[in-house]
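Encoded as C-alpha cells, the structure appears first; notes follow it.
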Amino acid sequence: MITNARVLQADWVPREIVHRNPEKNLLQTALQPVADGGRPEDALITGPSGAGKTCLARYSLQQIEEERLDIHTKHVDCWAASKPFRVLLELLDPVAPTHDIHRTTARDTMLSRLRDVDAPYLAVLDEADQLGDPGLLGELYSIPKLTLVLVTNDEQSLSGLFDERLRSRFRSGVHVHCDSYSLDTLVSILDRRARGALEPGAVERPQLERIADAAAGDARRAISILRRAARRAMDDEAGVIDGSHITPAIPEAAREQRQADLERLNDHQRAVYAVLANADGGAAPKAVYEEYTQRVSSPKTKRTVRDYLGKLQSYNLATATGEGPARRYHVVEIDSPEAEPAAE
DNA sequence: CGTCCACTGGAAGCCGTGGCGC
DNA sequence: GCGCCACGGCTTCCAGTGGACG
C-alpha cells in the first residue's frame, strides 16, 4: 500500500509546485536578485492555514539554494520559537557558531553576529505574527545581508508588529496571497501525493474527493487524512482505500491536530482549557477563573489567566463571544465547521 | 438615559534563573 | 564564590470599553 511514507508527511516539499504558479513566480521575481547578487525585495506571504504558504516559501528557498552555493537560507517556525532569543538563535545557527550562546546572551551580541555574515542570507519567518516583540523585526531589517520572507495567516496581528517605517517598506515590497484551495485543486494535490506515496491504484478519485471535501480547503489537513486512511487500509491488508478507512480518519486527523495543540500548553493553560471543555454553552470569565482555581493547587492571578485565554484563542482551541460583561468563552469543537476557521 | 460594574489588555515592576566576569 | 545582568513569567495597577440594570 504505502511505498514512500515520506511523501505523506506534512513538511514534505514537492519537486515541483503546480498549483501556485502565479504566486510562485511573484515570489521568485522578488527573491531572484539574491541569486544574482543584488538586493531582493521584501516579501510577505499571507493566506489561511493549509493554503500552501509554508510549502511555497520552502520551495522558493530550495530553488535559490540550488542556484547559488554561497548563500545561506533558513526556515524559522516562529510558533515554536516565538521569543526573540529563540528566533535569533535559529537565525544564527547556519551562519555563525552558537555553542557559546545561552539564554542570557545579550540580544545585541546576537544581532551583531548576524551583521557580520558576509554572504547573502535568505530567511523565512513562518507564523511571523507569533513574534511577541515588535522591535525585533525592525532590528532584523536593519541587517543588510539578511532578506526576510514573512509568512502569516493573520495579517492583522502581524501588522501590529510594524512601526511606520516597516509598514511603508512593506507597502513597496511584494505581497503574495494564497487563497484556500478549491476542491478540485485539493483533489489534484492529493492525487500527486498518492502517486508518490502509494501503490498505483491504491486510491480512486471519489475517495480523494471525499477527503478533500472534509478538509475544507486545507491541504495539510487533507494530507493528514490521506495518511491515516492509507495506514488503516494497510492494517486491513486492503488493496485500496475505501470509505471505511476514510470515515474514521477524518475525526482522527482533527483529534491529532487538537492533541498536538494541547501539548504545547503548560499545566495551567491546560486546566483553563479543561474548564472551558466542561462548560456547556460557554463560560463567563469570572466562572472560568473560579473553576480554574478549584482545579489547580497554586492558581495564577486573573490577569495571567486572561493571557492564557488569549493563548487558547491564538491556538484556535477556544473562542470568545460578547463584549464586556456579556463575554463568554467556549472551546472550539473539533467536529464543528469552525474548528479550522479561515483566518484573515 | 445615566450609572454601575465586569471585563480587557497595556505598562511597569518583581523575582527566580543561570551564565559571566572578577 | 559572589555580585551582575538579561530575560521570561508573573503580578499589580489602572484606564478604557460596553452591556446590564434601575
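The chains referred to below are lettered A, B, ... by the order of the sequence lines, with proteins before strands, and numbering in each begins at 1.
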Discussion item. Checking A:Y315 now: which residues fulfil ring pair (Phe, Tyr, Trp, His ring centres under 6.0 Å) with it, not counting sequence neighbours?
Written reply: A:W79

Worksheet entry | Residue list, side-chain hydrogen bond (donor to acceptor under 3.5 Å, both in side chains) with A:T46, at least two apart or on another chain | A:H175, A:H177

Worksheet item: Does A:E65 have any side-chain hydrogen bond (donor to acceptor under 3.5 Å, both in side chains) partners at least two apart in sequence or in another chain, and if so, which?
Response: A:T73

Fill in: All side chain to side chain contact (heavy atoms under 4.5 Å, CB included) counterparts of A:Q269, not counting sequence neighbours
A:L265, A:N266, A:Y308, A:K311

Practice prompt. Go through residues 278-298 of chain A and report each residue with a non-hydrogen atom lying under 4.0 Å from DNA chain C, sorted by number.
Written response: none

Discussion item. One thing to verify: whether A:D213 and A:R210 come together as a salt bridge, which I'm taking to mean a side-chain N less than 4.0 angstrom from a carboxylate O.
Written reply: no

What does the list of N/O pairs under 3.5 Å between the protein and nucleotides 9-16 of chain C look like, with a distance for each?
residue: C:dG9; atom: OP2; partner: A:K83; partner atom: NZ; Å: 3.3
residue: C:dC10; atom: OP1; partner: A:Y308; partner atom: OH; Å: 3.2
residue: C:dC10; atom: OP2; partner: A:Y308; partner atom: OH; Å: 3.4
residue: C:dT11; atom: OP1; partner: A:T301; partner atom: N; Å: 3.0
residue: C:dT11; atom: OP2; partner: A:T301; partner atom: N; Å: 3.1
residue: C:dT11; atom: OP2; partner: A:T301; partner atom: OG1; Å: 2.8
residue: C:dT11; atom: OP2; partner: A:T304; partner atom: OG1; Å: 2.2

Practice prompt. Under 4.5 Å between side-chain heavy atoms, chaining through other members, with only Ile, Leu, Val, Met, Phe, Trp and Tyr counted: pull out the rest of the cluster around A:L56, sorted by chain and number.
Written response: A:V13, A:I17, A:L26, A:L27, A:L31, A:V34, A:I45, A:Y59, A:L61, A:I64, A:I71, A:L122, A:V124, A:V149, A:V151, A:V174, A:V176

Residues 273-285 of chain A, side-chain donor-acceptor partners within the protein, below 3.5 Å, at least two apart:
residue: A:Y273; atom: OH; partner: A:R258; partner atom: NH1; Å: 2.7

Fill in: Non-neighbouring partners of A:T301 that pass side chain to side chain contact (heavy atoms under 4.5 Å, CB included), sequence neighbours left out
A:R303, A:T304

Practice prompt. Round to a whole Å and report the spacing from CZ of A:R328 to C1' of C:dG18.
Written response: 14 Å

